[in-house]
Amino acid sequence: MPSPAVFDLEDPGMRDVLGHSHWHPGIPGVAEVITGGSVRMECPGREPGGGILLCGPLVVVGAEAGDVIVVDVLAVGRPGGGRDAGGHPGIIGCAPSAPVAVPGDARGRDVGGCLIAPLAAGSRLLLPVHVRGAKLSVGDLHFPRRGAYDCGEPGVAGWIDLRVSLTRQGVERFRVTGPMLMPDPTPRLC
């Protein structure tokens with residue numbers, strides 16, 4: 001299985017990064033993005049019998065605890081392939097503030113994911129920031145069969161294009177205390 005990678009959509013110089021299996025504020029960022037910037041993250045799939053693997057974390061330059069990042073899902077696809085209209089991440093979120101590792105799939109409604117809402121291309125998320133840089137991670141990509149948004153199967157390898165924007169003091173200004181998920185109102189199922 002190839003290593004996951006992160007690269008800027010405007011400057012596709014790829015950089016190999018390892019996936020991680022826990023949410024933790026001490027995990028160093030693998031890349032940085034400025035507000036309004038776009039990035040492609042190549043995510044690993046699950047190993048047989050293994051848990052969720054996340055790609056990232058992506059550091060949002062200037063983000064501080066109490067801010068909110070707005071994440072637009074631009075596209076999702078399989079490795080070496082084009083876009084998949086129904087492809088979506090199984091989980092996406094920012095690092096927690098507590099210095100305790102938390103398994104990738106055990107943060108409940110503290111992160112966004114397809115068990116709550118399918119986040120295919122055209123979706124938007126508002127995520128509260130808990131640590132400097134936000135440390136955004138995503139993973140467990142799904143490519144459901146035609147006409148379905150099935151999240152029951154383990155995630156597979158693929159890539160996701162995101163645009164990330166920063167809203168200063170968004171938690172206080174807009175009372176965003178947990179992820180706000182806005183799936184594409186007109187999803188294009190495969």
d(Glu64 CD, Arg132 CZ) to nearest 0.5 Å is 4.0 Å
Quick one: does His20's side chain get under 4.5 Å of Pro57's, heavy atoms only?
-> yes
Check for a donor-acceptor pair, side chain of Asp161 on one end and backbone N or O of Leu74 on the other, with a separation under 3.5 Å.
-> no
Which atom of Pro144 lies closest to which atom of Gly86, heavy atoms considered = CD-O, 3.5 Å
Student check: side-chain heavy atoms of Thr167 and Val70 closer than 4.5 Å | yes
Checking Leu58, Leu127, Asp67 against Cys94 for side-chain contact (heavy atoms from CB on, under 4.5 Å), the one that qualifies is Leu127
Met182 atom CE: more than 12 heavy-atom contacts under 6.0 Å = yes
Out of curiosity, does Met180 fall in the hydrophobic cluster containing Ile69 (side-chain heavy atoms, cut-off under 4.5 Å, transitive links)?
-> no
Going hydrophobic residue to hydrophobic residue with side-chain gaps under 4.5 angstrom, can you get from Val59 over to Leu54?
-> no
Go through the steps for Val138 and Cys55 under the test side chain to side chain contact (heavy atoms under 4.5 Å, CB included), then give the verdict.
-> CA-CA 6 Å; Val138 62; Cys55 56; 3.6 Å; yes
What do the steps show when you test Ile52 against Ile91 for side chain to side chain contact (heavy atoms under 4.5 Å, CB included), and what is the final call?
-> CA-CA 9 Å; Ile52 291 175; Ile91 192 164; 4.0 Å; yes
Side-chain donor/acceptor of Lys135 to backbone N/O of Pro25, under 3.5 Å | yes
Can Leu126 and Phe174 be said to form a side chain to side chain contact (heavy atoms under 4.5 Å, CB included), step by step?
-> CA-CA 10 Å; Leu126 278 67; Phe174 304 112; over 6 Å; no
Would you list the atom pairs, donor with acceptor, under 3.5 Å between side chains in residues 112-119 and any protein atom, with sequence neighbours excluded?
none

Can you name the nearest heavy-atom pair linking Leu141 to Gly158, along with the distance?
-> CD1-C, 3.3 Å
Closest non-hydrogen atom pair, Trp159 against Gly81 | NE1-O, 3.4 Å
Over all atoms of both residues, closest heavy-atom pair of Val131 and Val129 = O-CG1, 3.1 Å
Could you give all pairs that pass the side-chain hydrogen bond (donor to acceptor under 3.5 Å, both in side chains) test and reach residues 171-183, with sequence neighbours left out?
-> none
Please tell me if the side chains of Val73 and Ile160 come closer than 4.5 Å, counting only heavy atoms from C-beta onward.
-> yes
Is there a side-chain contact between Ile92 and Leu136 (heavy atoms, below 4.5 Å)?
-> yes
Give, for atom CZ of Arg124 and atom OG of Ser165, the distance between the pair rounded to the nearest 0.5 Å.
-> 7.0 Å
Heavy atoms only: give me the nearest Phe143-Gly77 pair and the separation to one decimal.
-> CZ-O, 3.2 Å
Main-chain N/O of Leu53 paired to Ser21 side chain as donor or acceptor, under 3.5 Å | no
Straight-line distance of Ile27 CD1 to Ser137 OG, nearest 0.5 Å = 6.5 Å
Identify the two heavy atoms, one from Arg168 and one from Gly62, that lie closest to each other, and give their separation to 0.1 Å.
-> NH1-O, 2.5 Å
